[in-house]
Amino acid sequence: MRKSPKVIITCAVTGSIHTPSMSPYLPITPKQIADDAVAAADAGAAMLHLHARDPETGRPDQDPKLFAQFLPEIKARSNAILNITTGGGLGMSLDQRLAPAKWAQPEVASMNMGSLNFNIAGAGERISEFKFDWEKPYLEMTRDFILSNTFAQIDRGLRELSDVGTRFEFECYDVGHLYNLAHFVDRGLAKPPFFLQCIFGILGGIGADHDNLLHMRTIADRLFGQDYYLSVLAAGRHQLPFVTASALLGGNVRVGLEDSLYAGRGKLATSNAEQVAKIRRILEELSFEIATPDEARAMIQTKGGANVAF
């Protein structure tokens with residue numbers, strides 16, 4: 001692992017897991033997403049991981065026209081690296097998932113490194129009344145759902161986005177996903193330095209146990225040596241302890257309302273910026289320096305914010 005000279009904070013602004021009934025602070029409209037993203041960048045996030053939603057219902061939506069309503073504004077108002085999802089919303093086709101990144105040609109795009117059972121049904125169990133008809137079925141269908149990214153799908157995504165100079169946030173939900181990435185490295189379809197986002201605490205993926213974090217790092221070291229940067233996210237209540245552990249291991253961190261709606265036990269985060277400010281405060285108290293967007297660009301070797309298509 002390459003020890004990060006400074007810690008890259010990524011903020012995942014809205015995602016496709018949480019629904020509007022879970023928090024009044026979840027950004028839904030393009031303006032809300034833009035404003036929350038810019039505030040997170042101002043608070044110290046060097047990278048912003050972005051999804052879009054239907055502005056009327058809050059349902060995840062990969063229409064590039066929605067991304068076009070907030071990407072240029074975020075770019076104009078911040079210097080952050082803009083990282084576009086290729087995971088999209090649950091149940092979407094590959095064409096739908098890739099569409100916004102193919103249009104935007106961003107510096108960075110996410111890439112799930114395998115398929116897995118992905119059960120988020122429990123996230124809605126405490127909601128007595130949903131605001132929108134789509135929310136409860138969307139959550140409950142995941143009891144019988146596979147989040148798909150097959151070898152053929154990964155192959156296509158890597159080829160099409162690499163052709164426009166996009167780098168990747170390789171999202172690894174289990175140890176096998178590290179070996180999947182090694183397969184694409186061996187085939188020449190993934191180039192170092194790799195930005196590995198190891199994900200803990202999703203039901204169906206690797207559990208949020210700190211021994212698992214050490215094991216993921218050990219296997220990544222064996223497979224990629226000094227050719228990767230570690231970053232970590234953890235779902236829900238595991239968020240802050242896990243990302244802090246990543247920094248202590250020499251890695252980077254991801255926070256944001258995609259991953260957790262809370263800023264502490266029983267306290268809803270009122271914005272993405274609140275979570276960014278909190279992890280930044282924790283890290284600086286531990287004497288870590290926080291990477292600026294340009295320092296993060298140099299580390300993961302992106303093409304630069306001037307070379308995107310928006």
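For the single chain, residues carry numbers from 1 onward in sequence order.
Taking 4.5 Å as the limit, every side-chain heavy atom of Gln197 sits out of range of all side-chain heavy atoms of His49. Looking only at side-chain heavy atoms (C-beta outward), Met141 and Leu90 come within less than 4.5 Å of each other. Residues Met111 and Asn149 form a side-chain contact, since some pair of their non-hydrogen atoms from C-beta on lies under 4.5 Å apart. Between Asp35 and Pro27 there is no side-chain heavy-atom pair separated by less than 4.5 Å. Put simply, the side chain of Phe145 does not reach to within 4.5 Å of the side chain of Asn117, judged on heavy atoms. Between Val232 and Met216, every side-chain heavy-atom pair lies at or beyond the 4.5 Å cut-off. At least one side-chain heavy atom of Phe118 sits less than 4.5 Å from a side-chain heavy atom of Ile17. At least one side-chain heavy atom of Trp134 sits under 4.5 Å from a side-chain heavy atom of Thr19.
Clustering ILVMFWY residues whenever any of their side-chain heavy atoms sit less than 4.5 angstrom apart, transitively, puts Met1 in a cluster other than the one holding Leu233. Phe184 and Leu161 fall within the same hydrophobic cluster, where Ile, Leu, Val, Met, Phe, Trp and Tyr residues are linked whenever their side-chain heavy atoms come under 4.5 Å apart, directly or through other members. One hydrophobic cluster, built from ILVMFWY side chains closer than 4.5 Å, holds both Val243 and Val7. Taken together through direct or relayed side-chain contacts under 4.5 Å among Ile, Leu, Val, Met, Phe, Trp and Tyr, Tyr229 and Leu181 form parts of separate hydrophobic clusters. Both Val108 and Phe195 sit in one connected hydrophobic cluster of ILVMFWY residues. Membership requires side-chain heavy atoms under 4.5 Å apart, directly or through other members.
The existence of a salt bridge linking Asp95 and Lys102 is excluded, since no basic side-chain nitrogen approaches an acidic carboxylate oxygen closer than 4.0 Å. Residues Arg77 and Asp42 are not paired through a salt bridge, judged by the lack of any N-O separation under 4.0 Å between the basic side chain and the carboxylate. One finds no salt bridge joining Asp163 and Arg159 here, because no Lys/Arg side-chain nitrogen approaches an Asp/Glu carboxylate oxygen to under 4.0 Å.
Relative orientation of the Phe170 and Phe194 rings is perpendicular, given thresholds of 30° and 60° on the angle between their planes.
Grouping Ile, Leu, Val, Met, Phe, Trp and Tyr by side-chain contacts under 4.5 Å, direct or through others, puts Leu50 with Val13, Ile33, Val38, Leu48, Phe67, Phe70, Leu71, Ile74, Leu82, Ile84, Trp103, Val308, Phe310. Side-chain contacts under 4.5 Å among hydrophobic residues (ILVMFWY), followed directly or transitively, place Leu66 with no other residue at all.
Between atom CD1 of residue Ile120 and atom OG of residue Ser16 there is a gap of 7.0 Å, rounded to the nearest 0.5 Å. Taken from CZ in Arg59 to CD1 in Ile28, the straight-line distance is 12.5 Å, to the nearest 0.5 Å. Rounding to the nearest 0.5 angstrom, the gap separating the CG atom in Asn307 from the OG1 atom in Thr166 is 10.5 Å. Considering CZ of Arg156 and CD1 of Ile154, their distance stands at 13.5 Å, rounded to 0.5 Å.
Of all heavy-atom pairs between Cys11 and Gly256, the closest is SG-CA, 4.0 Å. A pairwise comparison of heavy atoms in Phe224 and Leu178 identifies CZ-O, 3.4 Å as the closest pair.
Between the side chains of Glu169 and Ser110, not a single donor N or O lies within less than 3.5 Å of an accepting N or O. A side-chain donor-acceptor contact under 3.5 Å links Tyr228 and Asp221.
Shown here is Asp144, whose CG atom has no more than 12 heavy atoms of other residues, nucleotides or ligands within 6.0 Å. Within 6.0 Å of the CD1 atom in Ile146, the count of heavy atoms belonging to other residues, nucleotides or ligands does not exceed 12.
Glu140 is linked by a salt bridge (charged side-chain N to carboxylate O under 4.0 Å, His left out) to nothing, counting only residues two or more places apart in sequence or in another chain.
Only one option out of Lys303, Arg297, Lys75 pairs with Glu107 in a salt bridge (Lys or Arg N to Asp or Glu O under 4.0 Å); it is Arg297.
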